[in-house]
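For reference, the structure is listed below as structure tokens.
Please read these numbers as outputs of a predicted model, since none were measured by experiment.
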Amino acid sequence: MLLIFLTLLLTTSSAVSAELSAITACGHPEIPPLSWEQDNELTGIAPHLMRKLLAEQGYTINMQVFGNWERCQLAARRGKVDLLVSAYKTHDREQHFLFSDTPMVADPVVLFTHFGNGGRSPWTLTSNTVGLLFGDSFGDEFDRQAGHHPNVERVSTGRQNFHKLALGRIDYMPIGLATGRLQAQKLALTDRVHPLPGLLALERYHIAIPKGSVLEPLLPLLSARLNTLVEDHYIERITPFFEQKYLDAP
């Protein structure tokens, strides 16, 4: 029933798209089920929500993929993008973006490691290596610690990081728990990498609009509509669909 509902929703959106004003959006291409790159376009829960909410306001969205999350944010700061479909709220980002009051989802962030690494603490052993993606942030406190960590390696894709971790080329990888489990499953690495117990951070994904964007006046309304969807458990209901879509993708 959910699949039928989503199919009808997307079909209806396509039928009216020619009458809508177009904007450009991008997002993190490596955080399934919230957003990921598929067929050279951004897909997932967050793109779906933004298409739905902005169609109500007379807009259609051109979902761009800029190669990695850092390039997406840079394009938005330079005025080439009207919307980030989802982002953590950090002090640095608040200099350039306005965030919805209502978050889409709460994201428990944990450390993944390889099975040969045990359960050592990553932040007290400076000989250990931490793998991150370009543009990644896990909150102000984590960013402060990572900035002082001598062995941080950044890559563009989750696939690169997971394989480096499985091979022991990095020791730890911070990532949202749901995203990490999905990516490990898709890459068939669940027997080689695993999340450590304990929470590294609890971050929340918000709608993020560059300051000066044409969408800036709509942010309070978008936030209110998002709050309605959250309270109606809409996001919870569609999450299994997008998890399976990610796992089934080539």
Counting only heavy atoms not in [X] (residues, nucleotides, ligands), do more than 12 fall under 6.0 Å from its [atom1]?
X     : atom1 : result
Arg77 : CZ    : yes
Asp39 : CG    : no
Asn40 : CG    : no

Which atom names give the shortest non-hydrogen contact between [X] and [Y], and what distance separates them?
X      : Y      : answer
Pro174 : Leu200 : CB-CD2, 3.7 Å
Ser86  : Leu34  : OG-CD2, 3.4 Å
Ala25  : Val81  : CA-CG1, 3.8 Å
Cys26  : Leu42  : C-CD2, 3.9 Å
Lys245 : Gln38  : CE-OE1, 4.1 Å

Please go through Phe99's hydrophobic cluster and name the other residues, only I, L, V, M, F, W, Y counting, with side-chain heavy atoms under 4.5 Å joining them.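 Reading the cluster by chain and number, Phe99 sits alongside Trp69, Leu84, Phe97.
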For Thr113 and Val193: C-alpha separation, side-chain torsions, deciding distance, then whether side-chain contact (heavy atoms from CB on, under 4.5 Å) applies. CA-CA 6 Å; Thr113 190; Val193 301; over 6 Å; no
Would Leu54 and Leu83 count as a side-chain contact (heavy atoms from CB on, under 4.5 Å) here? Give the steps. CA-CA 11 Å; Leu54 285 169; Leu83 169 74; 3.8 Å; yes
Any donor-acceptor pair under 3.5 Å from [X] side chain to [Y] backbone:
X      : Y      : value
Thr179 : Ile175 : no
Ser100 : Pro103 : no
Asp232 : Tyr234 : no
Glu30  : Gly158 : yes
Lys164 : Arg159 : no
Gln95  : His91  : yes
Asp82  : Ile23  : no
Asp143 : Ser137 : no
Arg225 : Leu53  : no

Could you check whether Lys211 pairs with Glu216 (Lys NZ or Arg NE/NH1/NH2 to Asp/Glu carboxylate O, under 4.0 Å)?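 Here Lys211 does not pair with Glu216 in a salt bridge, since their nearest N and O are not under 4.0 Å apart.
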Polar side chain donor-acceptor pair, [X] to [Y], under 3.5 angstrom:
X      : Y      : value
Arg93  : Gln73  : yes
Thr239 : Glu236 : no
His28  : Asp136 : yes
Ser223 : Asp101 : no

Lys80 charged N/C atom sitting above Phe66 aromatic ring, 6.0 Å / 45°: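 No, Lys80 does not sit over the ring of Phe66.
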Establish, yes or no, whether a centroid distance under 6.0 Å links the rings of Phe115 and His194.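 Centroid separation for Phe115 and His194: below 6.0 Å.
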Identify whether Trp36 and Leu187 are in the same connected component of the hydrophobic contact network (ILVMFWY, side-chain heavy atoms under 4.5 Å).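 Trp36 and Leu187: separate clusters.
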According to a 4.5 Å side-chain heavy-atom criterion applied to Ile, Leu, Val, Met, Phe, Trp and Tyr, with indirect links allowed, do Ile209 and Leu221 form part of one hydrophobic cluster?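 Same cluster: Ile209 reaches Leu221 through Ile, Leu, Val, Met, Phe, Trp or Tyr contacts under 4.5 Å.
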Gap separating the CG atom of Leu182 from the CZ atom of Phe242, nearest 0.5 angstrom: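 Separation between the atoms: 13.0 Å.
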State, with a plain yes or no, whether a side-chain heavy atom of Asn128 is found less than 4.5 Å away from one of Asn151.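 A side-chain contact under 4.5 Å is absent here.
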Run the side chain to side chain donor-acceptor pair (under 3.5 Å) check on Asp107 and Tyr88 step by step: do they pass? CA-CA 9 Å; Asp107 193 31; Tyr88 292 158; 2.5 Å; yes
Which is it for Met104 and His206 under the side-chain contact (heavy atoms from CB on, under 4.5 Å) test, yes or no, and what are the steps along the way? CA-CA 6 Å; Met104 287 182 187; His206 297 256; over 6 Å; no
Kindly determine whether Phe112 and Leu165 satisfy side-chain contact (heavy atoms from CB on, under 4.5 Å), including the steps that lead there. CA-CA 8 Å; Phe112 270 67; Leu165 186 64; 3.8 Å; yes
